Amino acid sequence: MKAFVLKSHADIGYMEKPYPTLLKPHGAILRPLFVSPCTSDVHTIWQGSPKQPNLTLGHECVAEIVSVGADVVDFKPGDVVIVSAITPDWSQPDVMENPAHAGRNFSGHMLGKSIDGAMAEAFYLPYVDKNVAHMPTAMDPDDALMCADVMQTGLTAVEEADVQPGDTVVVMGIGAIGLASIMAAKAAGASRIFAIGSSEPNASIARSLSGVSCQIEVLNYKTLHCTLPAGLHPLANSTGSAVVNYVLQETGTKGADKVIICGGSDLSLAQAVDMVKYGTGVVSNVMYFGADPDLQAEEQEALARLRKETSGMQLNQTIDGLVIPKFGIGRGMAGKTLKFSLSRGGRPHLEKTIRLVQEQNLHPGMFVTEHLHGLDQIEQSVYDMKNRKAIKISVDLR
């Protein structure tokens with residue numbers, strides 16, 4: 001069968017692979033109907049850690065079940081399902097409280113990472129009873145496809161932030177995950193959302209979600225001009241960002257109740273810390289901070305020297321890290337909470353996401369701004385995501 005694979009670092013293309021087999025009685029063979037390339041696929045190809053050669057890519061998928069193992073209870077051949085992008089290893093004893101990292105780091109991110117993914121004529125999925133959900137018959141395919149990863153991740157960000165009714169929320173980044181976080185934060189009862197980003201039509205979509213119960217204001221960090229509110233210490237804004245000044249100004253210098261990081265730069269964390277309130281503020285991050293290979297190499301060399309020497313030598317300043325401003329965390333006593341999360345995933349959270357979309361009449365399919373058809377268009381879709389030619393892309397494989 002034909003599959004779209006990562007041959008080696010930064011080398012992608014199509015190849016023929018054997019048709020998958022049922023490896024375990026809890027597994028299933030699925031035929032993808034719709035797939036969507038993810039920025040995580042871009043990271044895997046061009047930035048990620050080494051993967052097995054000729055790994056089939058793809059983890060955002062609506063599929064039809066072809067065959068199931070003897071232990072599968074809730075699904076049968078012919079069922080159309082949404083496949084969770086995060087597929088935990090349900091054999092691990094700590095999986096219920098730690099689904100994304102049970103047994104080992106990032107164990108939940110198997111599909112298209114440590115096992116062959118969905119960008120093929122067919123693929124194998126373990127623990128199918130716990131990793132997929134029935135696609136509601138009336139659900140639009142684009143909405144369903146966005147539930148697989150985008151809405152699940154946006155909802156995870158909001159859950160980790162513990163957004164409450166009446167909260168003022170900042171969403172940094174208005175890509176698909178940021179837009180999904182806006183949807184989920186509004187559904188959770190946020191009364192005001194500042195969405196930070198500059199791209200169209202992303203900003204237009206964000207503004208369209210505004211309403212009487214929740215005002216959404218898009219802040220273009222490229223054009224916004226705002227000075228630090230009078231009376232605040234200059235270090236209250238460690239990066240000098242006009243966005244931070246504006247949020248502090250609009251919240252009476254208290255800061256936002258919750259800040260959700262879905263995009264930005266390596267300064268995003270510092271900015272989030274500066275504009276979340278003291279005592280109860282939560283910063284919830286679901287953004288991938290790309291590695292700097294040069295800094296990582298220097299860091300490893302410095303650590304190697306430290307292991308050899310006993311003179312108390314300090315690690316140099318070339319650590320591949322992020323900045324947390326001392327003033328912004330009250331010199332360590334601000335009472336601000338920082339969370340860094342992978343999407344929760346699995347069937348329970350996927351079904352919760354689907355219910356949210358249906359009950360709140362949400363339409364995350366609006367994030368899909370490009371439609372392609374056929375397995376031979378997957379490569380184009382990946383490059384279009386890499387080059388930011390679309391918010392999200394649906395590739396119809398039927």
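Everything numeric in this text was worked out from a predicted model, so none of it was measured.
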For [Y], does its backbone N or O pair with a side-chain atom of [X] as donor and acceptor, under 3.5 Å?
X: D167; Y: V169; answer: no
X: S210; Y: I216; answer: yes
X: N237; Y: S241; answer: yes
X: S204; Y: E200; answer: no
X: D274; Y: S238; answer: yes
X: Q152; Y: S343; answer: no
X: K186; Y: L209; answer: yes
X: K336; Y: G328; answer: yes
X: Y14; Y: L375; answer: yes
X: S107; Y: A102; answer: yes

So for atom [atom1], which belongs to [X], do other residues, nucleotides or ligands contribute more than 12 heavy atoms lying within a distance under 6.0 Å?
X: R207; atom1: CZ; value: yes
X: K339; atom1: NZ; value: yes
X: M96; atom1: CE; value: no
X: E217; atom1: CD; value: yes
X: F106; atom1: CZ; value: no

Verdict with reasoning, K392 to E60, per salt bridge (charged side-chain N to carboxylate O under 4.0 Å, His left out): CA-CA 11 Å; K392 286 296 292 183; E60 297 188 33; 3.0 Å; yes
For [X] and [Y], work out which heavy atoms get closest and say how close.
X: V83; Y: L111; result: CG1-CD2, 4.0 Å
X: Y278; Y: F327; result: OH-O, 3.2 Å
X: A122; Y: M1; result: O-CE, 3.2 Å

Note, [X] side chain near [Y] side chain (heavy atom, < 4.5 Å):
X: D149; Y: C38; result: yes
X: P32; Y: F123; result: yes
X: D41; Y: K386; result: no
X: V80; Y: L33; result: yes
X: V395; Y: H373; result: no
X: N131; Y: P88; result: yes
X: V357; Y: M139; result: yes
X: S36; Y: M146; result: yes

CA sep, side-chain torsions, deciding dist, call: H26, V128, side-chain contact (heavy atoms from CB on, under 4.5 Å): CA-CA 6 Å; H26 52 66; V128 72; over 6 Å; no
[X] with [Y]: basic N within carboxylate O range, under 4.0 Å:
X: R347; Y: D74; answer: yes
X: E121; Y: K2; answer: no
X: E64; Y: R398; answer: no

Aromatic plane relationship, Y288 with H43 - under 30° parallel, 30 to 60° tilted, over 60° perpendicular: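 Parallel, since the angle between the ring planes stays under 30°.
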Output the distance between atom [atom1] ([X]) and atom [atom2] ([Y]), rounded to the nearest 0.5 Å.
X: C214; Y: I182; atom1: SG; atom2: CD1; result: 9.0 Å
X: M119; Y: C61; atom1: CE; atom2: SG; result: 9.5 Å
X: T56; Y: L6; atom1: OG1; atom2: CG; result: 10.0 Å
X: K76; Y: S67; atom1: NZ; atom2: OG; result: 14.5 Å
X: H134; Y: I354; atom1: NE2; atom2: CD1; result: 10.0 Å
X: I260; Y: S181; atom1: CD1; atom2: OG; result: 5.0 Å

From CA spacing to verdict: side-chain contact (heavy atoms from CB on, under 4.5 Å), N220, V218: CA-CA 6 Å; N220 187 332; V218 177; 5.6 Å; no
With R344, the salt bridge (Lys or Arg N to Asp or Glu O under 4.0 Å) member among E351, E160, E97: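 For R344, the salt bridge (Lys or Arg N to Asp or Glu O under 4.0 Å) check succeeds only for E160.
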Pair K113-T44, side-chain donor/acceptor within less than 3.5 Å: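 Yes - a donor-acceptor pair under 3.5 Å links their side chains.
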Derivation of the salt bridge (charged side-chain N to carboxylate O under 4.0 Å, His left out) call for D116 and K17: CA-CA 11 Å; D116 280 341; K17 282 192 168 186; 3.0 Å; yes
Evaluation steps, salt bridge (charged side-chain N to carboxylate O under 4.0 Å, His left out), between E359 and K352: CA-CA 10 Å; E359 292 170 1; K352 180 179 181 179; over 6 Å; no
D140 and H363: CA distance, side-chain angles, deciding distance, side-chain contact (heavy atoms from CB on, under 4.5 Å) verdict: CA-CA 9 Å; D140 180 88; H363 294 286; 5.8 Å; no
Candidates S381, S394, P37 - the one meeting side-chain contact (heavy atoms from CB on, under 4.5 Å) with L372: S381
CA sep, side-chain torsions, deciding dist, call: Q271, V259, side-chain contact (heavy atoms from CB on, under 4.5 Å): CA-CA 10 Å; Q271 292 164 355; V259 177; over 6 Å; no
